[in-house]
Student: 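Mind looking over this structure? Questions follow.
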Amino acid sequence: AAAAAAAAAMAAAGKEPLKLGDRVEVFGLQSAAGRLLNGKTGLITKWDQAKGRFQVELGMANQQSLKPENLRRHVPSFFANTVDSSYSGSTAGYTLL
């Protein structure tokens, strides 16, 4: 039920549900231990149906069990701003190497 709710919430937001292999960022954790994880990125390695949580590898064999609502797809900053659609100079539309 938790997975269905998370999938429905993401679908309503126009986003694809998270899946195994997705790179994610942790956010919104409130406990003292959880707040230390906010902002960390990792890889989804497993879905635990019984708990309604993803297993996320946060590096150096650090596995965390996290709810889908505390994860968002991570886009590395290198790719996040690579296209400036407002640019209209003489090289617009060309890839400079």
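Just so it is clear, the model here is predicted, and its values are computed rather than measured.
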Student: Tell me the closest heavy-atom pair linking P68 and G52, and the distance in Å.
Tutor: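 Result for this residue pair: CD-O, 3.3 Å.
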Student: Only counting residues at least two apart or in another chain, list the ones meeting side-chain hydrogen bond (donor to acceptor under 3.5 Å, both in side chains) with Q55.
Tutor: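 Applying side-chain hydrogen bond (donor to acceptor under 3.5 Å, both in side chains) to Q55 gives none.
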Student: Taking the side chain as every heavy atom from C-beta outward, state whether F54 and L18 have any atom pair closer than 4.5 Å.
Tutor: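 A side-chain contact under 4.5 Å exists here.
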Student: If you apply the rule side chain to side chain contact (heavy atoms under 4.5 Å, CB included), what do you find for L66 with V26, and how did you get there?
Tutor: CA-CA 8 Å; L66 300 163; V26 181; 3.7 Å; yes
Student: Keeping R53 on the side-chain end and S65 on the backbone end, is there a donor-acceptor pair under 3.5 Å?
Tutor: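 Here the side-chain-to-backbone pair exists.
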Student: Who pairs with Q63 by side-chain hydrogen bond (donor to acceptor under 3.5 Å, both in side chains), at least two apart in sequence or on another chain?
Tutor: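 side-chain hydrogen bond (donor to acceptor under 3.5 Å, both in side chains) list for Q63, sorted by chain: T45, E57.
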Student: Under a single-linkage definition using a 4.5 Å side-chain heavy-atom cutoff for Ile, Leu, Val, Met, Phe, Trp and Tyr, are L58 and L29 assigned to the same hydrophobic cluster?
Tutor: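 Hydrophobic grouping puts L58 with L29.
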Student: Under 4.0 Å between a Lys/Arg side-chain N and an Asp/Glu carboxylate O for D22 and R73?
Tutor: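 Yes, charged N to carboxylate O under 4.0 Å.
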Student: First locate atom CG of N70, then atom CD of Q64, and finally report the distance between them rounded to the nearest 0.5 Å.
Tutor: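 Answer rounded to 0.5 Å: 11.5 Å.
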Student: Measure the CZ-OG1 distance between R23 and T41 for me, rounded to the nearest 0.5 Å.
Tutor: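 Reported value, rounded in 0.5 Å steps: 5.5 Å.
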Student: Is there a path from V75 to F27 through hydrophobic residues (I, L, V, M, F, W, Y) whose side chains come within less than 4.5 Å of each other?
Tutor: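 Different clusters: V75 never reaches F27 through Ile, Leu, Val, Met, Phe, Trp or Tyr contacts under 4.5 Å.
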Student: Partners of N38 by side-chain hydrogen bond (donor to acceptor under 3.5 Å, both in side chains), sequence neighbours excluded?
Tutor: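 So N38 forms no side-chain hydrogen bond (donor to acceptor under 3.5 Å, both in side chains) with any residue.
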Student: Following the transitive rule for hydrophobic clusters with a side-chain heavy-atom cut-off under 4.5 Å over Ile, Leu, Val, Met, Phe, Trp and Tyr, establish whether L43 and L37 coincide in one cluster.
Tutor: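 No.
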